[in-house]
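Below, read A as the first sequence line, B as the second, and so on, with proteins coming before strands; counting in each chain starts at 1.
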There are 2 protein chains.
Amino acid sequence: MTCDKDIEKIYSLRAEIFKALSHPIRLKIVEYVSKEEKSVGEIVKYVEAEASGVSRHLALLKKAGILSDRKEGLNIYYRLEISCVMDFFTCVNKVVRTKLKSNIDLIEKI
Amino acid sequence: MTCDKDIEKIYSLRAEIFKALSHPIRLKIVEYVSKEEKSVGEIVKYVEAEASGVSRHLALLKKAGILSDRKEGLNIYYRLEISCVMDFFTCVNKVVRTKLKSNIDLIEKI
DNA sequence: ATATTATATTCTTATATAACCATATGGTAA
DNA sequence: TTACCATATGGTTATATAAGAATATAATAT
């Protein structure tokens, strides 16, 4: 009972997760909050970006289901909701290394 | 000897990998070529999209370092270059399921 | 040489995303 | 109440990405 539309929808939902992770600041945020929850203020300081922008990045990561938040007084604390996301990073580093290495190989051929 | 600029650059390179995976058609392609290499024609048929678009998606995935290609006669075969990418999918499905489930929980509260 | 097939590229247009600045909300303290 | 602090949202503009159609390349076959 799985129709074409369902499959399309599922691929789109998956793609959204990757899109949420496709920004350097958001990756930095995810890594930062992965060990323990952090307030927006802490995150803003850590990533050295504009507060309003960080706020939007956080909202996006939350909407994607990657982070969750918790209000306490004036502060809002964000934390990693799905910890397996951290496993991506090892693999991504492998891709990055392979790519950088292939560039070096090219340089040597000039 | 790792300066701020290097760190920024590394996060950007990582983000590029995720960006490459942030499109439903590209995800479908990656999955399709993960077991064995496929020609562009086969891929076009499988994903049911326009050839010129698929070609662009393939170029992007190759540029990101996720796929590699091989020419044989008239055909070009693409295959998954970094197999650990497939491990992402289990985790991504987990995120998607959690998200869908939280929507169901919301529906029941209306 | 010409024709054919597979794939890639160019161009245009629509849409999405990001950054920046200003303003708004929502708790807390005085 | 007013003032203050942390965070979020709105508006604008610049830039990036996507889709579609047309054209170009490159390998093979005739």
Side-chain angles (χ1 to χ4, degrees), chain A residues 4-5 8-9 11-30 32-33 36-79, chain B residues 4 8-9 11-30 32-33 36-79 81:
Chain A
D4 278 10
K5 280 280 164 208
E8 258 182 55
K9 180 75 189 163
Y11 276 104
S12 293
L13 287 169
R14 286 175 183 154
E16 255 187 68
I17 316 290
F18 288 112
K19 195 178 289 179
L21 294 169
S22 72
H23 190 289
I25 290 183
R26 291 199 288 271
L27 286 183
K28 210 169 173 183
I29 292 173
V30 168
Y32 185 52
V33 305
E36 51 174 350
E37 61 174 20
K38 302 283 185 185
S39 74
V40 176
E42 290 175 305
I43 297 168
V44 167
K45 247 186 237 151
Y46 181 72
V47 304
E48 293 173 304
E50 232 207 327
S52 77
V54 170
S55 177
R56 256 190 282 265
H57 285 311
L58 288 167
L60 199 154
L61 285 165
K62 184 185 164 191
K63 183 161 174 282
I66 296 167
L67 302 188
S68 61
D69 64 347
R70 179 178 74 81
K71 200 175 275 194
E72 185 182 311
L74 272 179
N75 299 300
I76 298 180
Y77 293 91
Y78 282 86
R79 67 180 187 83
Chain B
D4 279 10
E8 259 182 54
K9 180 76 189 163
Y11 276 104
S12 293
L13 287 168
R14 286 176 183 153
E16 256 188 67
I17 315 290
F18 288 113
K19 194 178 290 179
L21 294 168
S22 73
H23 190 290
I25 290 183
R26 292 199 288 270
L27 286 183
K28 209 170 174 182
I29 292 173
V30 168
Y32 185 52
V33 305
E36 51 173 350
E37 61 173 21
K38 302 283 184 184
S39 74
V40 177
E42 291 174 305
I43 296 168
V44 167
K45 247 185 238 150
Y46 181 73
V47 303
E48 295 172 303
E50 232 208 327
S52 77
V54 170
S55 178
R56 256 191 295 265
H57 286 310
L58 289 168
L60 199 153
L61 286 165
K62 184 185 164 191
K63 182 160 174 284
I66 297 168
L67 301 188
S68 60
D69 65 347
R70 178 179 76 82
K71 199 175 278 192
E72 185 182 313
L74 271 178
N75 299 299
I76 298 181
Y77 294 91
Y78 282 86
R79 66 181 189 82
E81 178 68 21

Annotated protein contacts, base or backbone, on nucleotides 25-30 of chain C with a non-hydrogen cut-off under 4.0 Å, one of B, S, - each | -BBS--

Distance check: side-chain N/O of Asn75(B) vs OP1/OP2 of dT7(C), anything under 4.0 Å?
-> yes

At what distance, to the nearest 0.5 angstrom, does OG of Ser22(B) lie from CG of Leu27(B)?
-> 8.0 Å

CD-OH distance between Glu42(B) and Tyr78(B), expressed to the nearest 0.5 angstrom = 13.5 Å

Verdict with supporting geometry, Asn75(B) and Val40(B), side-chain contact (heavy atoms from CB on, under 4.5 Å) | CA-CA 7 Å; Asn75(B) 299 299; Val40(B) 177; over 6 Å; no

Give the rounded distance in Å between these two atoms: NZ of Lys63(A) and P of dT17(C).
-> 9 Å

Euclidean distance, Leu67(B) CG relative to Glu37(B) CD, rounded to 0.5 Å = 12.0 Å

Nucleotide by nucleotide, 5' to 3', does protein get under 4.0 Å of the base (B), only the sugar-phosphate (S), or neither (-) in nucleotides 12-22 of chain D, counting heavy atoms?
-> -----SSBBBB

Can we say Glu81(B) and Arg79(B) salt-bridge, meaning some charged N sits less than 4.0 Å from an Asp/Glu carboxylate O?
-> yes

When the side chains of residues 43-64 of chain B are checked against the rest of the protein, which donor-acceptor pairs come out under 3.5 Å, sequence neighbours left out?
{"residue": "His57(B)", "atom": "ND1", "partner": "Arg26(B)", "partner atom": "NH1", "Å": "2.9"}
{"residue": "Lys62(B)", "atom": "NZ", "partner": "Asp69(B)", "partner atom": "OD1", "Å": "3.3"}
{"residue": "Lys62(B)", "atom": "NZ", "partner": "Asp69(B)", "partner atom": "OD2", "Å": "3.2"}

Hey, could you give me the OG/CD1 distance between Ser12(B) and Ile25(A), rounded to the nearest 0.5 Å?
-> 9.0 Å

Could you tell me the separation between the CG atom of Leu27(A) and the P atom of dA18(C), rounded to a whole number of Å?
-> 12 Å

Quick one: Glu16(B) CD to dA18(C) P, roughly how many Å, whole number?
-> 14 Å

With heavy atoms under 4.0 Å as the rule, sort Tyr78(B) into base, sugar-phosphate or nothing.
-> sugar-phosphate

Within this structure, what is the OH-to-P distance between Tyr77(B) and dA27(D), rounded to whole angstrom?
-> 15 Å

